[in-house]
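Structure first, commentary second.
Convention: sequence-line order gives letters A, B, ...; per-chain numbering from 1.
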Number of protein chains: 2
Amino acid sequence: MKARLSAARERILDAALEIMAEHGYAGCSIAAVAHRAGLATGSVYSHFPAKARLFTEVFRVACQREVDAVSRAAAREASAGARIAAVIETFAGRALQSPRLAYALLAEPVDAGVDAERLRFRRAYAELIAGYVAAGVAGGELPPQDPDLSATALVGALGEAMVGPLAAGVAGPGTIPGLTAFAHRALGVST
Amino acid sequence: MKARLSAARERILDAALEIMAEHGYAGCSIAAVAHRAGLATGSVYSHFPAKARLFTEVFRVACQREVDAVSRAAAREASAGARIAAVIETFAGRALQSPRLAYALLAEPVDAGVDAERLRFRRAYAELIAGYVAAGVAGGELPPQDPDLSATALVGALGEAMVGPLAAGVAGPGTIPGLTAFAHRALGVST
DNA sequence: GGAAAGATTGAACAGTGGTTCACTTCTTGG
DNA sequence: CCAAGAAGTGAACCACTGTTCAATCTTTCC
């Protein structure tokens with residue numbers, strides 16, 4: 001019984017994420033989510049008290065997955081420059097692979113409560129990158145700078161460079177090297 | 001009579017912009033705009049066919065004003081480095097002076113039709129900056145790069161660095177020099 | 001096997017806010 | 001001074017969705 005309950009809960013989360021990846025947050029009415037999860041509309045409310053709560057959880061899971069992937073890729077590298085390159089390749093590669101989801105996570109209009117979760121997402125990215133930058137500065141690989149500001153700006157740069165093309169449907173494969181070069185210059189990675 | 005008509009239209013646009021600067025797009029119900037313009041709710045529809053149309057125009061005017069201010073400031077400078085610094089100072093200075101408006105123009109959730117205008121706004125900024133970058137590259141002041149990509153990334157960096165603080169209410173005066181340094185490094189302005 | 005506990009259903013409800021429209025008020029031209 | 005017509009009014013309308021809830025079905029356990 002308990003298993004059945006939590007299984008339904010899981011199915012709802014999965015369904016919501018799938019719809020978001022296909023049709024964005026705009027397509028995520030409670031009715032649509034319930035239908036895809038194989039439940040009635042009202043049943044969603046046995047598992048989540050409100051739509052905003054459901055989607056903060058969806059965002060949390062999806063964002064964590066992204067940050068983890070980027071973090072894992074960067075951890076394989078040793079120098080700050082290589083780590084930043086890994087961050088960009090992973091971030092951009094994943095975004096280009098699931099453009100609709102990336103747009104939803106990064107920029108699509110959502111409920112205010114959910115938007116707060118998105119801010120945390122960007123903050124998490126920024127903190128991850130700030131750590132690499134701080135280490136690079138401490139180790140002399142990077143020139144002195146405010147690691148948090150650099151990281152925040154870099155997150156914005158990545159997001160903008162992705163969302164623009166995503167909205168326009170223009171997926172640029174040549175964008176990733178260009179962005180990496182931009183980021184390396186911006187952080188002062190010695191060539 | 002014609003004058004009266006266009007005067008009312010103007011009053012509506014002004015009212016909408018004022019409310020947006022005070023309470024953001026969220027506070028811009030048709031009723032609120034009409035009230036501030038000294039009209040009845042329905043009268044708005046003698047001048048604009050729909051809310052989205054009204055606000056695409058509000059956005060167009062407001063964005064143009066921003067881009068013009070930045071463009072004018074940059075035009076006073078000769079080198080690419082000085083121009084970029086002027087762009088950042090003007091952009092950030094104005095954003096910090098009207099934080100609510102800046103947030104609305106840059107990031108607040110809005111109708112889909114209005115969002116398209118916002119994209120044009122960001123694009124206009126990017127094109128402006130891309131021009132300066134291209135000139136800098138052509139003149140040998142900046143290293144070879146894709147001016148459009150660099151400009152897009154820079155717009156994202158500026159936006160993110162502004163919106164974060166705007167949302168958190170943290171207006172950082174030390175942010176502007178830091179951002180300028182970031183941008184100069186990113187574009188390869190020789191120090 | 002049966003009854004209590006609880007999950008599920010889906011149609012009805014409610015709040016919001018853009019939009020409409022029958023009516024009033026005002027300007028204009030003869 | 002008076003139609004004619006345009007502009008203005010604001011309450012009613014409607015569409016859209018998140019949310020609720022009484023009825024129904026499932027599971028569990030004595």
Side-chain angles (χ1 to χ4, degrees), chain A residues 1-20 22-59 104 108-118, chain B residues 1-20 22-59 104 108-118:
Chain A
M1 202 62 191
K2 288 282 169 59
R4 181 190 182 76
L5 221 176
S6 70
R9 199 187 137 90
E10 214 58 37
R11 262 206 328 280
I12 293 172
L13 286 170
D14 289 351
L17 189 57
E18 283 170 31
I19 295 178
M20 213 161 77
E22 285 169 25
H23 308 291
Y25 185 79
C28 288
S29 69
I30 293 286
V33 171
H35 181 75
R36 170 161 314 211
L39 294 172
T41 311
S43 302
V44 171
Y45 287 84
S46 335
H47 303 282
F48 300 92
K51 187 186 186 183
R53 288 289 196 80
L54 161 57
F55 276 91
T56 52
E57 191 156 338
V58 170
F59 264 63
E108 190 175 6
V110 295
D111 289 15
V114 181
D115 206 60
E117 192 62 36
R118 175 146 68 197
Chain B
M1 203 59 191
K2 288 283 170 56
R4 181 188 181 76
L5 219 177
S6 69
R9 199 187 137 89
E10 214 57 38
R11 260 204 331 278
I12 293 171
L13 286 170
D14 289 350
L17 189 56
E18 283 170 32
I19 295 179
M20 212 160 77
E22 286 170 24
H23 309 291
Y25 186 80
C28 289
S29 70
I30 293 287
V33 171
H35 181 74
R36 172 165 308 215
L39 293 171
T41 311
S43 302
V44 172
Y45 288 85
S46 336
H47 302 281
F48 299 92
K51 187 187 186 182
R53 287 289 195 82
L54 162 57
F55 277 91
T56 51
E57 193 156 335
V58 170
F59 263 63
E108 191 176 4
V110 295
D111 289 15
V114 181
D115 205 60
E117 193 61 36
R118 176 146 68 197

Problem set entry | Nucleotide D:dG18, atom C1' - distance to CZ of A:Arg53 in whole Å | 15 Å
Seminar exercise, completed: Side-chain atoms of B:Ser46 come closest, of D:dG8, D:dG18, C:dT20, to D:dG8
Exercise. Taking NZ from A:Lys51 and P from D:dC16, how many angstroms apart are they, rounded to a whole number?
Worked result: 14 Å
For this session: Describe the nucleic acid contact of A:Ala31 in one word from base, sugar-phosphate, nothing, applying a heavy-atom distance below 4.0 Å.
Result: nothing
Seminar exercise, completed: A:Asp111 CG to D:dC16 C1', in whole Å, measures 14 Å
Seminar exercise, completed: Of the listed D:dT19, C:dT8, C:dT19, the closest approach to the B:Ile30 side chain comes from C:dT19
Exercise. So, are B:Glu18 and B:Arg11 salt-bridged, with charged N and O less than 4.0 Å apart?
Worked result: no
Exercise. To the nearest angstrom, how far is A:Tyr25 atom OH from D:dT17 atom C1'?
Worked result: 11 Å
Exercise. Salt-bridged, A:Glu57 to A:Arg9, with N to O below 4.0 Å?
Worked result: yes
Exercise. Which atom pair, heavy atoms only, marks the closest approach of B:Ile12 to B:Leu54?
Worked result: CG2-CD1, 3.9 Å
Please tabulate, one pair per line, each protein N/O and nucleotide N/O from nucleotides 10-13 of chain C that are separated by under 3.5 Å, including the distance.
{"unit_1": "C:dG10", "atom_1": "N7", "unit_2": "A:Gly42", "atom_2": "N", "d": "3.3"}

Problem set entry | Nearest-Å distance for atom pair OH/C1', residues B:Tyr45 and C:dG17 | 9 Å
Exercise. OP1, OP2 of C:dT8 versus side-chain N and O of A:His47: anything below 4.0 Å?
Worked result: yes
Problem set entry | Geometric cation-pi criterion B:Lys51 and B:Phe48, 6.0 Å radius, 45° cone | no
Exercise. For B:Cys28 and B:Phe55, which heavy atoms make the closest approach, and how far apart are they?
Worked result: CB-CZ, 3.3 Å
Exercise. Donor-acceptor pair, A:Glu117 side chain versus A:Phe59 backbone, under 3.5 Å?
Worked result: no
